[in-house]
Number of protein chains: 2
Amino acid sequence: MRTETEYGQFCPVAKAAEIVTTRWTPLILREMICGSARFNEIHRGVPLMSRALLSKRLKELQASGVIARDGAAGSPASAYRLTPSGEALQPIILALGLWGRQWVESALDGPDWDAGVLMWDMRRRIDTSALPAGRTVMQFDYHDAPDELRRWWLVIDDDAVDLCQSDPGHEIDLYVAASVPVMAGVWIGKRSLPAALDDEEIVLVGDAGLRRSIRRWLKLSLLADAAERTHAPAG
Amino acid sequence: MRTETEYGQFCPVAKAAEIVTTRWTPLILREMICGSARFNEIHRGVPLMSRALLSKRLKELQASGVIARDGAAGSPASAYRLTPSGEALQPIILALGLWGRQWVESALDGPDWDAGVLMWDMRRRIDTSALPAGRTVMQFDYHDAPDELRRWWLVIDDDAVDLCQSDPGHEIDLYVAASVPVMAGVWIGKRSLPAALDDEEIVLVGDAGLRRSIRRWLKLSLLADAAERTHAPAG
DNA sequence: CAGTATCCGATGCGATACTG
DNA sequence: CAGTATCGCATCGGATACTG
């Protein structure tokens with residue numbers, strides 16, 4: 001192979017591809033566009049990536065001028081942020097996602113549907129400021145998932161959101177029942193949340209306030225947001 | 001590693017990235033967007049890629065539904081074409097190139113500048129229909145290139161365009177003199193061709209008709225075209 | 001022309017363990 | 001928390017040779 005991952009062409013498409021399309025990099029950018037800034041925070045979005053490789057990619061992105069750090073390396077305050085050049089990649093990553101949603105079959109019904117990754121994604125997008133102060137506990141039930149991935153709990157305590165796979169033992173404020181494809185379809189903006197609720201494909205049981213405010217405290221994915229901005233939601 | 005180049009996430013960005021951002025794939029798509037359809041034609045645009053790998057990538061792209069073939073495999077008439085899903089990638093590849101042109105330093109002054117690749121690119125974009133019938137011979141001289149990459153000849157005979165690195169012995173109809181960065185800057189649309197001619201950074205000597213019609217017979221790269229469409233050219 | 005088959009070396013990357 | 005260092009192998013991909 002040529003040195004590393006270079007293409008030996010001056011064409012700007014090739015130069016851009018060398019930076020943006022190395023393995024995992026589009027997903028790291030997606031995470032940062034979604035607001036992740038700390039190392040572990042970014043890693044949560046790409047849990048299958050080794051930390052060593054993430055570290056390497058972050059260095060490469062810094063060398064390319066796409067991201068930069070605020071504090072000193074290693075310092076507790078250190079955070080990564082997108083530079084202007086990195087911000088300029090946002091519409092490209094977004095377009096890639098919209099393309100994937102529209103054209104990749106398995107984006108909705110492949111065997112990749114994993115309730116765990118979905119819950120991790122959702123966990124990161126709970127808007128705690130739209131929830132009551134103190135503790136809120138939600139239980140998710142995916143009737144179509146294998147037993148070990150079927151039930152999940154979110155324990156929200158003021159700012160902290162904890163995801164559990166075993167019953168934390170607290171009283172449940174809200175039960176959420178759905179199939180994985182339905183919840184995922186809503187999550188990526190392929191279907192609107194109110195429509196799925198109306199059709200009872202997602203069923204909420206419990207605190208009336210939480211049920212009513214779900215559109216505020218459950219912030220959907222980057223793509224669902226984009227969909228609302230580009231074309232009016234279906235329902 | 002996980003199976004092949006998959007990410008194990010359902011996020012549409014990840015699914016799209018699995019298809020679009022594997023090594024060489026963005027460049028193959030660029031070639032096809034530029035109009036290449038035959039195997040060897042595509043390969044000319046990515047000459048550093050092995051034919052075996054190109055073959056493999058083309059199969060993968062077919063499996064993903066991004067491209068399809070017209071004739072039977074191997075038949076002389078066989079050609080690849082973008083499907084609707086592939087066409088939908090055009091704005092993304094274009095945006096990637098525009099980003100690269102704007103933000104990647106070395107896109108214009110790195111050590112990657114190679115007059116050979118530039119000439120190969122240009123060769124593919126000569127519009128023979130805008131040239132006189134019969135034979136036209138042009139000589140390019142890059143005064144800043146190393147000796148072995150300094151002089152190039154294009155021999156155009158009706159439809160056929162041949163690129164030579166040694167004097168083909170015919171009478172020269174047009175001499176083109178420039179530096180590699182200047183010609184490349186024009187080629188990728190960073191600078192307009194008329195402006196570079198006005199400033200004598202590109203100098204044409206020879207047939208007056210060829211000199212006048214250069215904007216028609218030398219079709220610039222995908223990106224230069226896009227630039228003309230999105231914002232008025234500088235000159 | 002338009003590929004395929006085989007070989008094999010380089011390296012990308014995961015796993016594990018360690019550091020400040 | 002935020003990484004780094006080392007090891008080892010799977011696989012990616014280049015080179016070469018062959019086919020319809």
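In what follows, every chain begins at residue 1, and chains take the letters A, B, ... in the order their sequences are listed.
- Closest to the side chain of A:Lys59, out of D:dA2, D:dT4, C:dG3, is D:dT4.
- Across D:dG13, C:dG14, C:dG3, the shortest atom-to-atom separation from the side chain of B:Leu53 is found for D:dG13.
- When distances are taken from the side chain of A:Arg51 to each of D:dA2, D:dG13, D:dT4, the shortest belongs to D:dA2.
- Summarising the geometry, the separation between CD1 on B:Ile42 and P on C:dG3 is reported as 9 Å, rounded to the nearest angstrom.
- A straight line from CG of A:Leu58 to P of C:dC13 spans 14 Å, rounded to a whole angstrom.
- With C:dC1, C:dG3, D:dA2 as the candidates, the nucleotide lying closest to the side chain of B:Asn40 is C:dC1.
- Residue-to-nucleotide proximity on DNA chain C shows that, of B:Arg44 and B:Ala52, the 5′-proximal contact is made by B:Arg44.
- Rounded to whole angstrom, the span from the CE atom of A:Met49 across to the P atom of C:dG14 amounts to 7 Å.
- In this structure, the CG atom of A:Leu54 is 11 Å from the P atom of C:dG14, given to the nearest Å.
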Please, what dot-bracket string fits DNA chain D when only Watson-Crick and G-U pairs with both distances under 3.5 Å count, crossing ones use [ ] and pairs to another strand use |?
||||||||||||||||||||

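- Contact between the side-chain N/O atoms of B:Tyr80 and the OP1/OP2 oxygens of C:dG3 is found at a separation under 4.0 Å.
- For the side chain to side chain contact (heavy atoms under 4.5 Å, CB included) criterion with A:Thr128, the lone passing option out of A:Asp157, A:Thr136, A:Asp158, A:Val161 is A:Val161.
- Salt-bridge formation is detected for the pair A:Glu60/A:Arg57: a Lys NZ or Arg NE/NH1/NH2 atom is positioned less than 4.0 Å from an Asp or Glu carboxylate oxygen.
- Atom CD of A:Glu60 and atom P of C:dT11 are 14 Å apart (whole Å).
- Taking atom CZ of residue A:Arg57 and atom C1' of nucleotide D:dT4, one finds them 17 Å apart after rounding to whole Å.
- Other residues, nucleotides and ligands contribute at most 12 non-hydrogen atoms within 6.0 Å of the CZ atom of A:Arg151.
- Side-chain nitrogen and oxygen atoms of B:Lys56 include at least one within less than 4.0 Å of the OP1 or OP2 phosphate oxygen of D:dC12.
- Ion pairing between a basic and an acidic side chain is recognised when a charged N comes within 4.0 Å of a carboxylate O; A:Glu41 and A:Arg44 show no such pairing.
- Annotation for A:Glu148: atom CD counts as buried by contact number, over 12 foreign heavy atoms lying within 6.0 Å.
- One can place NE2 of A:His43 at 13 Å from P of D:dT4, the figure rounded to the nearest angstrom.
- The side chain of A:Ser55 lies closest to D:dT4, out of C:dG3, D:dA2, D:dT4.
- Set against D:dG14, C:dA2, D:dA2, the side chain of B:Trp24 has D:dG14 as its closest nucleotide.
- Listed by chain and residue number, A:Asp141 satisfy the salt bridge (Lys or Arg N to Asp or Glu O under 4.0 Å) test with A:Arg150 (two or more places apart in sequence, or in another chain).
- Not counting sequence neighbours, B:Ser36 has no partner by the side-chain hydrogen bond (donor to acceptor under 3.5 Å, both in side chains) test.
- The separation between B:Arg38 atom CZ and C:dG3 atom P is 9 Å, rounded to whole Å.
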